[in-house]
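These notes are about the structure you will find just below.
Each ligand, and each atom within it, is numbered from 1 in the order the structure gives. Fair warning: this is a prediction, and the values are worked out from it, not measured in the lab. These numbers come from the heavy atoms of this one structure, side chains and all, not from hydrogens, waters or symmetry mates.
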Amino acid sequence: MDPNAVTDGAIERRFRGIAVSRGVASGPLQFLGQQFQRPRTWPIEEGEVQADEARLHQAISETKEQIERLKEKLLERGADHSEARVFDAHLLVLEDQSVINEVIGRLREERLNVDAVFFKVIRRYVDSLRQIEDPYLRERAIDIEDVAGRVLKNLSSDEEAHADEAPAHVLYASDLTPSDTVGLDRATLLGFATELGSFTSHTAIMARALGIPGVVGLEIPPGFLRSGQDVILDGYNGVLIFNPSAVTLVEYDRLASQQEALTRRLDELREEPALTADGRSIVLSGNIEFGHEVAMVKRRGAEGVGLYRTEFLYFEQGCHPDEAQQTQAYGEVAASVNPHGVIIRTLDVGADKFYADGRHAEPNPFLGWRGIRVSLAETDVFKTQLRACLRASAQGRVRIMYPMISGIEELRQSNALLDECREELRSEGVAFDEDLEVGCMIELPSAAIMAHQLAPEVDFFSVGTNDLIQYTIAVDRVNERVANLYQPGHPAILRLIQMVVNAAHDHGIWAGVCGEMAGDPLFAPVLVGLGVDELSVGPSQILRVKHALRHLDSGECEALVADLIGLHTVDEIMQRCRDLAKRCYGDFYQ
Ligand code: PEP
Ligand code: MG
């Protein structure tokens, strides 16, 4: 028996993590392990060799069928044949007879289980390809690992082998990279549970966008995790419960009905305006990572899209989408949210948003080659995106926003490239909105401090609190070990937002907030009191924030801010925020 296997049978076990997305999910766990990893190794008898050879052939043919099915699915979803070609490359790997012969030869010689032999042979191929300084061959190494991972999964006899066909499930992973989430089958996802991450990590943002519960920062003993186990994932309290008892199930049923009742009440606000009780209007828009999420943003009654994280379009394709593909993607979003419009944030790759092939890997990625720095270095890629944004503006209202601006030079260089694109399109006779507004994110302390100088060069600011907080307090936004130090209520953060809003208003432009702080109803009074004009929040938070706004008095919010600015500790600030939230909309803020 596996020494790490669960031995406490049906005894309920609870593990605590960080609650990052509300809701409760109950269902079987699916453990997303790293697929191409060393399998268990054991010796086999001579008489078993033939059976292992048959296992290998069987696993290879199952893998081929799975890849064919994936390819068909992709084509059905409207991908063109060039996108589906990657699967042809994967099929070729499986047809390479020399690899299969080598595995069989070594199996007969070494008499180890075929999984282990297969892994060793492939590992050697992959390692030697990686030594060669040729990007094509390096990509082949990734293809081979991917396919080999599938074969290993099909060779493995336990339940995890067939997780692909799993019905609705709670997904557990050490971490979910942006590229992992691109490939997930959302229809069967009940919730996310991960070991790494914090409130503003990509997994958390994704869980909130999908409106499913999320818990990160979980520490589960090795060997405890088995696909297929029944779990409850509590995204309110940050708990993952294995083998829930009958009492626990009843308790969670009750919680689910309470939440359904609250959700029904919130739904009634869909068509209502985002106004404070005394009539101050705040633009309430939605954040999206994928074009299809716009439907959810509209269903929840938001006024357009305040942050379209376009990097996910690049991750979906694994390469740079061309101008026509981008124009189509952005144009569809713009047309569907008319007349409100979409704020397209130009590519923000790097740091926590990286390509699957690790091309942006760096020792200190949050302080490295990221966001506008990449765009200003790869101007062809940047201009393709800018041209696509401009062209999309002929289909609906589009605004462009630059990420990670640290000072005026980057802003001016970006605007100069945008002007070049405008000029090109004019001379090509291509239509675009001549009045298209351009803004920048304020997510670095240097930009907040320089807001007065940046304001005359843009039409709006949008404060990215996710990064602003991490760079101001020096707390990694995705590191669960320092998650308790990640504090939106830090007095320095309030002061920086105040500086930004004041600078914007002094120069006659508007200022919004699109970081996760905007989606937390606890901070709605502070942001209203600071004079923020727009809040752009994850789709699942839209109605909760609208509810909060409609129960606030803007004068009282301003008085609160006047009070908070005089305070020096996070605890005092948070206590005041909680008191006001409880008094005004206690039933919804918990
Ligand atoms: C932010 O930093 O607050 C933001 C909205 O951008 P992202 O989370 O995509 O880095
Ligand atoms: Mg950011």
Side-chain angles (χ1 to χ4, degrees), residues 20-21 176-179 181-182 197-209 214 216 285-290 293 297 305-315 342-355 360 365-375 399-406 410 439-448 460-479 483 486-488 490 493-494 496-497 500-501 511-520 523 527 532 534-539 541-542 545:
V20 295
S21 181
L176 282 170
T177 65
S179 339
T181 54
V182 164
S198 69
F199 194 80
T200 50
S201 61
H202 173 68
T203 311
I205 292 174
M206 181 84 184
R208 289 193 291 274
V216 302
S285 45
N287 294 349
I288 62 167
E289 300 187 334
F290 299 94
E293 287 169 358
V297 166
V305 172
L307 170 64
Y308 181 178
R309 291 183 165 98
T310 53
E311 37 293 345
F312 291 88
L313 188 65
Y314 292 59
F315 299 148
V342 50
I343 300 183
I344 302 178
R345 181 182 69 187
T346 61
L347 191 59
D348 182 20
V349 280
D352 55 334
K353 306 180 198 83
F354 46 84
Y355 290 96
H360 281 255
F366 277 110
L367 300 182
W369 206 49
R370 167 179 185 194
I372 202 69
R373 299 169 187 179
V374 176
S375 294
R399 295 181 178 106
I400 293 176
M401 173 161 80
Y402 310 124
M404 293 292 292
I405 291 288
S406 66
E410 285 166 345
C440 71
M441 292 196 64
I442 302 287
E443 47 188 346
L444 304 188
S446 59
F460 65 92
F461 285 149
S462 186
V463 181
T465 48
N466 304 342
D467 281 309
L468 185 64
I469 295 168
Q470 81 161 343
Y471 291 124
T472 304
I473 324 181
V475 177
D476 181 344
R477 65 187 262 191
V478 298
N479 183 346
Y486 187 94
Q487 291 156 333
H490 194 292
I493 300 300
L494 304 192
L496 285 176
I497 300 177
V500 175
V501 176
V513 175
C514 64
E516 296 302 300
M517 185 178 177
D520 187 342
F523 294 111
L527 298 176
V532 167
E534 179 238 26
L535 297 174
S536 190
V537 310
Q541 294 303 96
I542 294 167
V545 172

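- With hydrogens and angles ignored, the 3.5 Å screen pairs no side-chain donor or acceptor of Glu443 with any backbone N or O of Gly464.
- The side chain to side chain donor-acceptor pair (under 3.5 Å) test applied to Gln487 returns no partner, not counting sequence neighbours.
- When all heavy atoms are compared, the tightest approach of Ser536 to Leu307 is OG-N, 3.6 Å.
- For ligand 1, the protein residues placed under 4.0 Å by at least one non-hydrogen atom are Leu307, Arg309, Arg345, Asp348, Lys353, Arg370, Met441, Glu443, Gly464, Thr465, Asn466, Asp467, Arg477, Cys514, Gly515.
- Applying the side chain to side chain donor-acceptor pair (under 3.5 Å) criterion to Asp348, with sequence neighbours excluded, gives Lys353, Arg370.
- A cation-pi geometry, defined here as NZ or CZ lying under 6.0 Å from the six-membered ring centre and within 45° of its normal, does not hold between Arg477 and Tyr471.
- For the residue pair Glu516 / Thr465, no side-chain donor-acceptor distance below 3.5 Å is found, with atom types taken as modelled.
- Here the CG-CE distance, from Leu347 to Met404, works out to 12.5 Å after rounding to the nearest 0.5 Å.
- For the pair Thr472 (side chain) and Ile469 (backbone), a donor-acceptor distance under 3.5 Å is absent.
- For the Mg ion (ligand 2), the tally of protein N/O/S atoms lying closer than 2.8 Å stands at 2.
- Looking at Val500, Asp467, Leu496 one by one, the single match for side-chain contact (heavy atoms from CB on, under 4.5 Å) with Ile442 turns out to be Val500.
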